[in-house]
Amino acid sequence: MRQTSRSLSRDLVGTSAVRVRFAPSPTGFLHVGGARTALFNWLFARHNGGTLVLRVEDTDAARYSDEYVDAIYRALRWLDIDWDEGPDAGGQFGPYRQRERAQLHRDAAAQLLARGAVYECFCGPEPVESKPSEAEEASDDGLSSRAVRPQCTCATLSAQQKDARRAAGVAPALRMRVDPARAVVVDDLVRGRVEFPAGTIGDFVIVKSDGGALYNFAAVIDDHAMQISHVIRGDEHLANTPKQLLIYEAFGWQPPAFAHIPIILNEARRKLSKRDGATFVNEYKALGYLPEALVNFLTLLGWSPGGNQELLSREEMIARFTIEGVVKHPAIFDHAKLSWMNKEYLKVLPLDELTARTIELLQRRSPVPDRIDPPHVARVVQLLQERAYTLGEIVDQGAYFFTSGPVEPAPDAIAKYCATTESMQRLREVRDALAAEPRDFNASEIEAAIRGLAERTGNKAAAFIHPLRVAITGQAVSPGIFEVASILGKDVTLARTDALLDGLAHTVAK
RNA sequence: GCCCCCAUCGUCUAGAGGCCUAGGACACCGCCCUUUCAAGGCGGCGACAGGGAUUCGAAUUCCCUUGGGGGUACCA
């Protein structure tokens, strides 16, 4: 089977131009699952020198919003996924917003009606007899109740009967005539051959009684009109495919090749939902993830380049991406691995880039911190670059760098390094040493001052370093303290040290 | 319920009948380095869901079971 689908894909790729599409429905922000589908389409198009079409499927008037269309553009651009044709990019197969294609859909439906491939159904839009059975009522999610429609018999209505219903003001929907005895075969590029008994598909509706085309119908009309060669989409659409194939057949059209990619699951092995933390692309942006890292991570969810390489450049991804490398089973979104990957990208990000992106994030804080000039931030970021998983962590962990004001020492840091009178004595000593010695207050001067002090007093340098760290950063952990003090500057270093000495003196006195 | 899909370490995966004593990465656990945290180095833990069948030989092929997921709309 695998063999079959491979040769099939080779033929299609070899003989015709590759045209793929990403067809999001703007009913929400771009989801990581959607982003991955976009990514696979993009990778496939670029690998084959093909075309990526962006089609906005905004036919669900109830849930669609313009705001989300923009959000999807923004998310794709942030990920650096570019498209060749689309609502904004234009192209010769437009319009690319599905609601603007409504007339096309109606015309196509009329053709099918004329041929007798579909029939008018007067059952009405309400899902009939939706009373849940005992068992369904008892089920815990409460969503499993099936609206079981009684067998629709409109296929056998006489012309007079239809006229009567119409006269009564009932607008008909259009239903596909499906021979229940046959089977529909999907030859999927990743699944192989999948056979669906048509009896389980039923006479499905393609056009609603209000004249609106349904997803399965509109998708076929548009994919055909846009000359889509490969439909690469989430696995949840596999069950839709036989319906779409039936529509292609009714028109006598050659269907595109299909590739159903596995879906992304949460840790509980369920479809990703809002409750699983960040699931939208823009949330990752706000958290300070790098788009390069998210792309790399998503690419490896459900696809493997075959070897042992984990970190791939865009060029490498494009060069190596094939449908054959797509895995069949669902993948669980592992935040820990994304974090690791983000850190890897953070480590090699050029300093000026890192600085700019960090400042961008800092400016979104409220209130905006007072020390965010580029030279200063660059020094900070250089220090934090190897320790942070995200830009957000740089901003949070380095908060004491971005303000010239005082810091509130963390209780656990105090308890660990500043709990004794000895440690306070050391802090006082190091404070005086720093106040006296260094002229430039650069890292090596500071180090010399502290190590000299340690030597003179017969202590380990660490005995001074730890309390000082708590004083100037408020934390028990930080990058190398000499660099930290240097970047903070003499004034801030001494002021914070004094503040801690005072504060603690009071505490002890009480 | 019915239809369909899937099944290798906790997670992402490599694996196309002998190259498998099953490889890599994340996570986790040690040790080294050290100024705390990272980074880095070294090492460790850890999987073919179960049962049949085919074969000289099966993670790899077939069947069944089990488990997980998706779909079952006049949503997309």
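Residue numbers begin at 1 in each chain, while the letters A, B, ... track the order of the sequences. Heavy atoms only: backbone and side chains are in, while hydrogens, waters and symmetry mates are out.
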Please confirm whether the shortest side-chain N or O distance from A:Lys208 to OP1 or OP2 of B:C75 is below 4.0 Å. yes
With a 4.0 Å limit, can you tell me whether A:Lys271 has a side-chain N or O closer than that to the phosphate oxygens OP1/OP2 of B:G71?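 Result: yes.
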Summarise how protein sits on nucleotides 2-10 of chain B as a single string, 5' to 3': B when a protein heavy atom is under 4.0 Å from the base, S for sugar-phosphate-only contact, - for no contact. SSSSSS---
Go along nucleotides 37-46 of chain B 5' to 3' and tag each nucleotide: B for a protein heavy atom under 4.0 Å from its base, S when only backbone or sugar atoms are that close, - otherwise. BBSS------
Is [X] touching bases, backbone alone, or none of the nucleic acid, heavy atoms closer than 4.0 Å?
{"X": "A:Ile465", "result": "base"}
{"X": "A:Gly306", "result": "sugar-phosphate"}
{"X": "A:Leu384", "result": "nothing"}
{"X": "A:His260", "result": "nothing"}
{"X": "A:Ile332", "result": "sugar-phosphate"}

Expected list for residues 261-270 of chain A: side-chain donor-acceptor pairs under 3.5 angstrom, two or more places apart:
from: A:Asn266; atom 1: OD1; to: A:Ala268; atom 2: N; distance (Å): 2.8
from: A:Asn266; atom 1: OD1; to: A:Arg269; atom 2: N; distance (Å): 3.0
from: A:Asn266; atom 1: OD1; to: A:Arg270; atom 2: N; distance (Å): 2.8
from: A:Asn266; atom 1: ND2; to: A:Asp276; atom 2: OD1; distance (Å): 2.9
from: A:Asn266; atom 1: ND2; to: A:Asp276; atom 2: OD2; distance (Å): 3.0

Where each residue is assigned the nucleotide of RNA chain B containing its nearest heavy atom, which of A:Gly302 and A:Leu338 is assigned the position nearer the 5′ end?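 Of the two residues, A:Gly302 wins.
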On RNA chain B, check which nucleotide each of A:Ala336 and A:Glu57 is closest to and give me the residue with the more 5' one.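 Upstream on the strand: A:Ala336.
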Any side-chain heavy-atom pair of A:Lys243 and A:Tyr215 under 4.5 Å: no
Using a 4.0 Å cut-off on heavy atoms, which residues in residues 292-300 of chain A reach RNA chain B? List them by number, or say none.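 Within this stretch, A:Leu300 sit under 4.0 Å of the strand.
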Sort and list the pairs that fulfil salt bridge (Lys or Arg N to Asp or Glu O under 4.0 Å) and have at least one residue in residues 100-109 of chain A, not counting sequence neighbours.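 Salt bridge (Lys or Arg N to Asp or Glu O under 4.0 Å) check on residues 100-109 of chain A returns A:Arg101-A:Asp222.
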Both distances under 3.5 Å, Watson-Crick or G-U wobble: report the partner of [N], or none.
{"N": "B:A14", "answer": "none"}
{"N": "B:C28", "answer": "B:G44"}
{"N": "B:A7", "answer": "B:U66"}
{"N": "B:C20", "answer": "none"}
{"N": "B:A53", "answer": "B:U61"}

Consider side chain to side chain donor-acceptor pair (under 3.5 Å). Of A:Asn240, A:Asp235, A:Asp188, which one does A:His260 pass it with? A:Asp188
Starting the side chain at C-beta, find the nucleotide from B:G24, B:U36, B:A76 nearest to A:Glu310.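 The closest nucleotide is B:G24.
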Which of these passes side-chain contact (heavy atoms from CB on, under 4.5 Å) with A:Leu298: A:Phe333, A:Phe40, A:Trp303?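 Exactly one pass, corresponding to A:Phe333.
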Verify whether one side chain among A:Asn216 and A:Gln244 offers a donor that lies under 3.5 Å from an acceptor in the other.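 Yes - a donor-acceptor pair under 3.5 Å links their side chains.
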Give me the ring orientation class for A:Tyr284 and A:Tyr289: parallel if the planes are under 30° apart, tilted from 30 to 60°, perpendicular past 60°.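 Plane angle over 60°, so perpendicular.
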Does A:Asn240 get its side chain close enough to the base of B:A76, under 3.5 Å, for a donor-acceptor pair?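 Indeed, a donor on one side and an acceptor on the other fall under 3.5 Å apart.
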Near A:Gln103 CD, under 6.0 Å, is it more than 12 heavy atoms from other residues, nucleotides or ligands?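 Counting neighbours around CD of A:Gln103, more than 12 heavy atoms of other residues, nucleotides or ligands fall under 6.0 Å, so yes.
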Contacts under 3.5 angstrom, residues 467-481 of chain A side chains, donor-acceptor by atom type, not counting sequence neighbours:
from: A:Arg469; atom 1: NE; to: A:Ser478; atom 2: OG; distance (Å): 2.8
from: A:Thr473; atom 1: OG1; to: A:Arg469; atom 2: O; distance (Å): 2.7
from: A:Thr473; atom 1: OG1; to: A:Gln475; atom 2: N; distance (Å): 3.0
from: A:Thr473; atom 1: OG1; to: A:Gln475; atom 2: O; distance (Å): 3.3

